[in-house]
Amino acid sequence: MRDDLDRTIAVLQGERPGPAAGNGYPQDSADAGSILSEADRTEAILLSARGQRDEVLAALARLDQNTYGQCVDCGQEIPEGRLDARPDAARCVGCQGKWAKRNR
Ligand SMILES: [Zn+2]
């Protein structure tokens, strides 16, 4: 899972138009706009892939500390069904809900 995300990030970073790619840009403003939104979309995917990667790395760290499968907030065991759906889940459903509200 971590390797997949690393690959995704590497691919997206490779696709991002750098400053050096400027010579190939069409002068038409509509085209320039579509290129910009494409770059924005890539940026958004890259951000979410990075965030996901952080969560996976945190889950791996919990595995190392033998706290994997425990809610990081209340310490209760996270139900297996939830871990199947979200192997990188750090919180039980109740704490995740509270956490999501706090971080909105
Ligand atoms: Zn909890």
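Just so we're clear, the structure is a prediction, and the values are computed from it rather than from any experiment. We count ligands from 1, going down the list as the structure has it; atoms in each ligand are counted the same way.
In this structure, OG1 on T67 lies 11.5 Å from CD on E77, to the nearest 0.5 angstrom. Going from atom CZ of R50 over to atom CG of L46 covers 4.0 Å, rounded to the nearest 0.5 Å. Atoms CD and CD, from Q65 and Q70 in turn, are 10.5 Å apart once rounded to the nearest 0.5 Å.
Excluding water, every protein N/O/S atom under 2.8 Å from the Zn ion (ligand 1) is given here by residue and atom: C71 SG, C74 SG, C92 SG, C95 SG.
Hydrophobic clustering (side-chain heavy atoms under 4.5 Å, transitive across Ile, Leu, Val, Met, Phe, Trp, Tyr) keeps Y68 apart from V72.
By the salt bridge (Lys or Arg N to Asp or Glu O under 4.0 Å) test, R82 pairs with no residue at all, sequence neighbours left out.
D64 and R62 are not joined by a salt bridge, as no carboxylate oxygen comes within less than 4.0 angstrom of a charged side-chain nitrogen.
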